[in-house]
Amino acid sequence: MFQTFSANHVFFLGQAALWTLMLSSLAFLGGTVGGLLLTLLRTAPSVPLNLLARGYITAIQGTPLLVQLFLAYFGAAALGLQVPPLMAAAIAFTLYASAFLGEIWRGALQSIAKGQWECAYALGLDWPKTMLLIIVPQAVRSAVPPTVGFLVQLVKNTALASIIGYTELTRAGQIVSNATFQPLPVFMTVAVFYFSLCFPLSLASRALEARLLGRRPVPLID
C-alpha cells in the first residue's frame, strides 16, 4: 500500500538535508586542513615533498569519487574494521576535498606576481612573513570564488554517499519515492532543499569577493 506524499515526508527530507549539511561540513573542514598541508608541500622548495604532494593529488583527482567511497567503506571492512557509513564518507570526502582545495590554493599563491616575492625579500622579510604579510592576503582574493564553487559541488556530490548506506538527502528522496510512488513531487522537494543549501553559498561568495575587491556585489541574475 503506497503512502500519500505528506508534510511528514517533507520533514523527513528536511532532516536528511541536515545530514547532507553535516557531511559537507565535515568534508570541508577536513579538506581545509589537508588542502593547507598540500599547498605548503606543493610550494615548498623541497623536491621530494613536492613530488609526494603531487602524487597524492594526481591519484585522488585521477580516480572517481565513487571508487574512493567504496575503498573507504569496504576497504576498512576488509581489514576487519567496522567503520560507520558517516565516518567512511567523511574520510573519503576529506581526502577528495584536500586534493582539490590544495590545487586551488596553490594556483592562487602562484598567481601572485614574482615581483611581489622579490620586493618582500628586498625588504628583508623571511619566507613566513612574506607569505603572511604579502602573498596570502592577495591570494585570498583570487581563491575565494573557486573555493566556494568547489564547496557547492561538494554539497551536491554528497549524494554519492548513499551508495555505502549513508542516508543523506538524495537517499532520503529515494526512500520517500519508493514509499509514495510519487517521484516527481518528492524529487522536486529534494531539489528545493539542495537549492536552499547551495544558493546562499553562491550569494555569500559574491558578497565576500566584492568586499575583498572593495566593490559592490555583482547580482546573480543580470
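The chain is numbered in sequence order, starting from 1.
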Please list all pairs passing the salt bridge (Lys or Arg N to Asp or Glu O under 4.0 Å) test where one or both residues lie in residues 5-20, with sequence neighbours left out.
-> none
List for me each residue that meets side-chain contact (heavy atoms from CB on, under 4.5 Å) alongside Ala204, sequence neighbours excluded, and say none if there are none.
-> none
Could you tell me which residues satisfy side-chain contact (heavy atoms from CB on, under 4.5 Å) with Tyr73, sequence neighbours excluded, listed by chain and number?
-> Pro85, Ala88, Ile164
Throw together a table of side-chain donor-acceptor distances under 3.5 angstrom for residues 60-71, partners on residues two or more places apart or in other chains.
| unit_1 | atom_1 | unit_2 | atom_2 | d |
| --- | --- | --- | --- | --- |
| Thr63 | OG1 | Ala59 | O | 3.0 |
| Thr63 | OG1 | Ile60 | O | 3.4 |
| Thr63 | OG1 | Gln68 | NE2 | 2.9 |
| Gln68 | NE2 | Ile60 | O | 2.9 |
| Gln68 | NE2 | Thr63 | O | 3.0 |

Pairs of donor and acceptor atoms involving the side chains of residues 181-191, under 3.5 Å and at least two apart or interchain, shall be tabulated with distances.
| unit_1 | atom_1 | unit_2 | atom_2 | d |
| --- | --- | --- | --- | --- |
| Gln182 | OE1 | Phe5 | N | 3.0 |
| Thr189 | OG1 | Pro185 | O | 2.7 |

For Leu132, the hydrophobic cluster (side chain heavy atoms closer than 4.5 Å, chained through members) also holds none
Do Asn157 and Phe93 touch side chain to side chain, with heavy atoms closer than 4.5 Å?
-> yes
Ring pair (Phe, Tyr, Trp, His ring centres under 6.0 Å) partners for Phe100, two or more places apart = Tyr96, Phe150
Return yes when atom CE of Met131 has more than 12 non-hydrogen atoms of other residues, nucleotides or ligands closer than 6.0 Å, and no otherwise.
-> yes
Mind running side chain to side chain contact (heavy atoms under 4.5 Å, CB included) on Tyr194 and Thr170 for me, showing each step along the way?
-> CA-CA 9 Å; Tyr194 273 117; Thr170 300; 2.7 Å; yes
Sorted by chain and number, sequence neighbours left out, side chain to side chain donor-acceptor pair (under 3.5 Å) with Ser6 holds for His9
Checking Gln153 side chain against Gly149 main chain: does a donor-acceptor pair fall under 3.5 Å?
-> no
What's the shortest heavy-atom distance between Thr94 and Ala27, and which atoms?
-> OG1-CA, 3.9 Å
Exercise answer: donor-acceptor pairs, residues 12-23 side-chain atoms, under 3.5 Å, sequence neighbours excluded:
| unit_1 | atom_1 | unit_2 | atom_2 | d |
| --- | --- | --- | --- | --- |
| Thr20 | OG1 | Ala16 | O | 3.4 |
| Thr20 | OG1 | Leu169 | N | 3.0 |

All salt bridge (charged side-chain N to carboxylate O under 4.0 Å, His left out) counterparts of Arg171, not counting sequence neighbours | none
Can you sort out the partners of Thr130 under side chain to side chain donor-acceptor pair (under 3.5 Å), two or more places apart, ordered by chain and number?
-> none
Quick one: which residue pairs count as a side-chain hydrogen bond (donor to acceptor under 3.5 Å, both in side chains) with a foot in residues 32-45, not counting sequence neighbours?
-> Arg42-Asn50, Arg42-Glu103
Non-hydrogen atoms of Ala108 and Ala143 that approach each other most closely = CB-CB, 3.8 Å
Side chain to side chain, Leu37 and Val33, heavy atoms closer than 4.5 Å | no
So do the side chains of Phe28 and Leu101 get within less than 4.5 Å of each other, counting heavy atoms only?
-> yes
